[in-house]
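These notes are about the structure you will find just below.
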2 protein chains.
Amino acid sequence: MERLSFLLKQTSALVERAIEPGLARAGINGREFGVLTLVDAEGPASQQWLAGRIGVDRTTMVALIDALEEKRLVRRRRDPSDRRAYLLEATSAGRKTLRNARKAVELGEQQALASLTATESATLKQALQRLAQAQPPGT
Amino acid sequence: MERLSFLLKQTSALVERAIEPGLARAGINGREFGVLTLVDAEGPASQQWLAGRIGVDRTTMVALIDALEEKRLVRRRRDPSDRRAYLLEATSAGRKTLRNARKAVELGEQQALASLTATESATLKQALQRLAQAQPPGT
DNA sequence: TATTGTTATACTCTATAACTATA
DNA sequence: TATAGTTATAGAGTATAACAATA
């Protein structure tokens with residue numbers, strides 16, 4: 001029996017490799033896909049809140065948002081109620097990119113899991129979701 | 001439904017965090033545990049072969065083996081049949097460390113999976129193993 | 001000529017400390 | 001005084017290029 005920790009790391013890398021080319025065609029990378037998804041689903045939000053959600057420092061979030069803003073996928077608006085903070089939101093181009101990226105990711109994930117039966121694949125997802133729910137978000 | 005790629009990355013990090021303290025008590029880190037496991041199970045082996053197995057460059061392997069050798073956990077012997085290469089092998093201290101580390105890892109993994117039922121946990125491992133077997137090693 | 005291990009070096013990713021503007 | 005965002009900088013981890021010893 002191979003170590004669970006190895007298998008998880010390996011599988012995570014496997015799925016990421018399967019997804020990357022599709023995301024690249026959509027014009028973003030995995031990290032940006034994560035941020036864009038979060039901004040679209042739970043925004044408008046501050047950089048610090050986003051940083052907390054994905055578990056990176058707020059200083060790391062700066063360059064990440066810089067890149068997304070330069071591609072016109074997110075917009076920085078000042079929060080009127082606290083002019084130190086931004087309210088980040090997805091642009092319409094950002095939402096369009098997100099739709100394309102999501103399709104690419106779904107396809108990549110399917111390919112990566114191709115050697116599993118439908119039942120195995122579903123059970124895998126269920127177990128991972130159970131574990132994620134048992135953890136506080138952003139960890 | 002959260003994205004599978006996110007869940008995998010998150011869970012991998014979760015398990016790694018659960019394991020790290022135990023490994024640290026044994027005197028090694030996750031990467032070293034991987035190399036030591038491989039040397040013990042499939043050695044004696046060359047640095048380049050090991051590098052290929054865990055998917056890093058041979059230049060990266062140098063410092064990794066340096067650290068393990070400095071702790072007297074592995075030994076570099078010249079390969080008599082090819083004096084450019086080493087035959088790396090675990091020392092008895094290395095095997096002892098490995099036994100301790102393995103216990104710590106098993107405990108950490110159990111803790112990380114504590115919120116799953118025994119069935120879920122077993123199915124998770126099975127699915128991950130199926131995926132790993134479908135992939136060439138060292139990827 | 002090719003290959004193993006090695007070093008120097010550069011690149012990426014990340015966080016810590018210190019700054020600014022606001023609160 | 002404290003906080004959001006920013007910058008400079010330093011540390012980890014990694015790979016590429018070039019070298020010595022050996023094949």
Side-chain angles (χ1 to χ4, degrees), chain A residues 5-6 9-10 12-13 16-17 20 23-24 28-36 38-39 42-70 74-89 138-139, chain B residues 5-6 9-10 12-13 16-17 19-20 23-24 28-36 38-39 42-71 74-89 138-139:
Chain A
S5 41
F6 290 173
K9 199 164 190 175
Q10 211 175 337
S12 180
E16 202 172 323
R17 273 196 309 276
E20 254 171 20
L23 282 179
I28 56 178
N29 62 36
R31 176 52 56 89
E32 291 171 339
F33 178 64
V35 174
L36 197 50
L38 207 53
V39 169
E42 310 196 21
S46 73
Q47 293 184 189
Q48 195 144 332
W49 183 87
L50 289 170
R53 269 308 295 273
I54 67 172
V56 300
D57 194 84
R58 67 200 216 273
T59 61
T60 304
M61 188 55 65
V62 176
L64 209 39
I65 299 297
D66 282 350
L68 286 172
E69 193 180 38
E70 204 161 324
V74 305
R75 191 173 12 240
R76 276 177 166 116
R77 284 198 301 114
R78 279 290 168 194
D79 183 342
S81 74
D82 182 349
R83 295 183 39 71
R84 294 169 302 181
Y86 290 122
L87 287 177
L88 294 168
E89 56 193 11
T139 56
Chain B
S5 41
F6 290 172
K9 199 164 190 173
Q10 211 175 335
S12 180
E16 203 173 321
R17 274 196 307 277
I19 285 172
E20 253 170 20
L23 282 178
I28 57 179
N29 60 36
R31 177 51 55 89
E32 290 171 339
F33 177 65
V35 174
L36 197 49
L38 207 53
V39 169
E42 310 196 20
S46 74
Q47 292 185 192
Q48 194 143 329
W49 183 87
L50 290 170
R53 268 310 293 277
I54 67 172
V56 299
D57 194 83
R58 66 199 216 275
T59 61
T60 304
M61 188 55 65
V62 176
L64 209 37
I65 299 297
D66 282 350
L68 286 172
E69 194 181 37
E70 204 161 322
K71 296 180 202 167
V74 305
R75 188 170 18 237
R76 278 176 164 117
R77 285 197 301 114
R78 279 293 168 192
D79 183 343
S81 73
D82 182 349
R83 294 184 40 72
R84 294 170 304 182
Y86 289 123
L87 287 177
L88 294 168
E89 56 191 13
T139 57

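Below, chains carry the letters A, B, ... as their sequence lines are ordered, and counting in each starts from 1.
- Put simply, CE on B:Met61 is 10 Å from P on C:dG5, counting in whole angstrom units.
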Pair B:Arg31-B:Ile54, side chain to side chain contact (heavy atoms under 4.5 Å, CB included): steps then yes or no: CA-CA 9 Å; B:Arg31 177 51 55 89; B:Ile54 67 172; 4.1 Å; yes
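- Across every non-hydrogen atom of A:Pro44 and A:Glu89, the tightest pair is CG-OE1, 4.4 Å.
- Within the model, atoms CZ of B:Arg76 and CG of B:Leu68 stand 9.5 Å from one another, a figure rounded to the nearest 0.5 Å.
- A donor-acceptor pair under 3.5 Å links the side-chain atoms of A:Glu32 to the main chain of A:Asn29, judged by distance alone.
- Scanning residues 76-87 of chain B for heavy-atom distances under 4.0 Å to DNA chain C yields B:Arg76, B:Arg84, B:Ala85, B:Tyr86.
- A straight line from CD of A:Gln47 to P of D:dT3 spans 18 Å, rounded to a whole angstrom.
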Protein-to-nucleotide contact annotation, 5' to 3' order, nucleotides 11-20 of chain C [B base; S sugar-phosphate only; - none; under 4.0 Å, heavy atom]: ---SBBB---
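- We find that CD of A:Gln48 is positioned 17 Å from P of C:dT22, with the value rounded to whole Å.
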Output a table of donor-acceptor pairs, distance under 3.5 Å, between side-chain atoms of residues 56-65 of chain B and any protein atom two or more places apart or on a different chain; print 'none' if there are none.
| from | atom 1 | to | atom 2 | distance (Å) |
| --- | --- | --- | --- | --- |
| B:Asp57 | OD2 | B:Thr59 | N | 2.9 |
| B:Asp57 | OD2 | B:Thr59 | OG1 | 2.8 |

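- Here the CD1 atom belonging to B:Ile28 is positioned 5.5 Å from the CG atom belonging to B:Leu23, to the nearest 0.5 angstrom.
- Defined by atom type and a distance below 3.5 Å, a donor-acceptor pair is present between the side-chain atoms of B:Tyr86 and B:Arg78.
- When rounded to the nearest whole Å, the span between CD1 of B:Ile65 and P of C:dG5 equals 9 Å.
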